[in-house]
Amino acid sequence: MRLYSNVIRRHVRAFSQTHSIPSHMRAVVWRGNPDPGKMRLESLGTPSPKDGEVLVKVRACGVCHTDLHCIKGEVPFPAPAVFGHEISGTILQHGSGVDKTRLPLGGQVACTFIMPCGSCYHCKRGEEDTCAPFFALNRLKGQLFDGSTRLYQEGSPVAMYSFAGLAEYAVVPQTAAFLLPPVLAEEAFSESALLGCAFFTALGAIRNAAELRSGQSTVIVGAGGVGQGIVQLAKHLGASPVIAVDISEEALRLARSLGADHCINARQENVIERIGELTDGHRADVCIEVIGSKATFEQAIMAVRDGGRACYVGIASPKARAEVPITHVVRRRISLVGSYGARASKDMPELLEIAAKGGVNLKSAVTRRFSLDQASEAYKLLNDGKIAGRALIEVS
């Protein structure tokens, strides 16, 4: 604890002496074009934090498929907007009412994409992953909890997806900002951005939805960034065997390197038959689906044993539908449960502890790196299926 305090004091001195906040910043702005390659780097006013918020100088921002769903118009979101919802960075400024002991100036943080209000019906019951104001204001309108954005360009509002991390600076509600343990701040500052979505979503699915227990067989359908996070955490938490399913050999190779016991290429093998072979004919205790397609949604139901749990993480168009075999689900006691992110106040501290102790390999999870002015290229490559794992935009 003393070492941690010394590290923080050093950062506070350095930033108070050397860092000034500019009036404008660079940000990657989406203006409604469904082609992610059309996003452009523009100048916006540097945002200022209000009550219960901090200003973060962004170090790095993850490149996630969830942004793509909005960019492509599959999930409605207002334009113009700035995306980017998993960041690491340094606290430069406090709004009123911020806990300055927990989040000191100069503190290096990772920020969760779900920004719970902390006071709504769901948050009071510990269900921060269903925070009503977050969904009503941020996910529908691109606003923070006072019903306004913090981003403007010549007086015109620009919507924020979460905290709008594809920028040099971001305003973050204090409920979504978490101080990094010293080992992560010093050795994996940029890569810690992935804790805010890829690994946060993975732990939420494992803990709160799938209720995965040590020794249980686990199938992960979709071995991209989030899927690989689930592979790492499931392995660390004692799942056995851990089985990854994908159609990309590169993604499967990465999944195996990160801890998957078995990998199944869905283009080359019958997935359900192969899962049966690997589980003595029973199929899996848990299947976590990360793709969000009709085919994989239905596949997950058939991938689990009698009494098993199919957990759904993958996002799809609001119009997407899947067919459920009613009799099979009823007679075989199959549980279907959705999972969106995790519960920041409960799950993020555990995740930070796991990462600090080496339970997950953040550096290996990053497969491509880009600069802020290459962000549109990164999303274009992701959309074209040319990024396996998780790409990272390094901002500063």
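Since this is a predicted model, take the numbers as computed values, not measurements.
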Return the CD1 to CD1 distance between Ile291 and Ile220, rounded to the nearest 0.5 Å. 12.0 Å
Closer than 4.0 angstrom, basic N to acidic O: yes or no for [X] and [Y]?
{"X": "Glu377", "Y": "Lys380", "value": "no"}
{"X": "Glu42", "Y": "Arg40", "value": "no"}
{"X": "Lys294", "Y": "Glu298", "value": "yes"}
{"X": "Arg309", "Y": "Asp285", "value": "no"}
{"X": "Arg207", "Y": "Asp347", "value": "no"}

Show me the donor-acceptor pairs within less than 3.5 Å that the side chains of residues 75-87 make with the rest of the protein, sequence neighbours left out.
{"from": "His85", "atom 1": "ND1", "to": "Asp67", "atom 2": "OD1", "distance (Å)": "2.8"}
{"from": "Glu86", "atom 1": "OE1", "to": "Cys197", "atom 2": "N", "distance (Å)": "3.2"}
{"from": "Glu86", "atom 1": "OE1", "to": "Ala198", "atom 2": "N", "distance (Å)": "3.0"}
{"from": "Glu86", "atom 1": "OE1", "to": "Arg390", "atom 2": "NH2", "distance (Å)": "3.4"}
{"from": "Glu86", "atom 1": "OE2", "to": "Arg390", "atom 2": "NE", "distance (Å)": "2.8"}
{"from": "Glu86", "atom 1": "OE2", "to": "Arg390", "atom 2": "NH2", "distance (Å)": "3.3"}

Trace of the salt bridge (charged side-chain N to carboxylate O under 4.0 Å, His left out) decision for Arg369 with Glu191: CA-CA 10 Å; Arg369 295 174 189 266; Glu191 296 82 2; 2.7 Å; yes
Test side-chain contact (heavy atoms from CB on, under 4.5 Å) applied to Ser339 - qualifying residues, sequence neighbours left out: Ala205, Ala209, Cys311, Val313
ring-ring contact (aromatic ring centres under 6.0 Å, His included) contacts touching residues 120-154 (sequence neighbours left out): Phe135-Tyr340
So Leu351 and Leu233, do their side chains get closer than 4.5 Å, heavy atoms only? yes
Under 4.5 Å between any side-chain heavy atoms of Leu352 and Leu180, yes or no? yes
May I ask you to check if Arg343 and Phe200 form a cation-pi contact, with NZ or CZ under 6.0 angstrom from the six-membered ring centre and within 45° of the axis? no
Arg150 and Ser148 side chains, donor-acceptor separation under 3.5 Å: yes
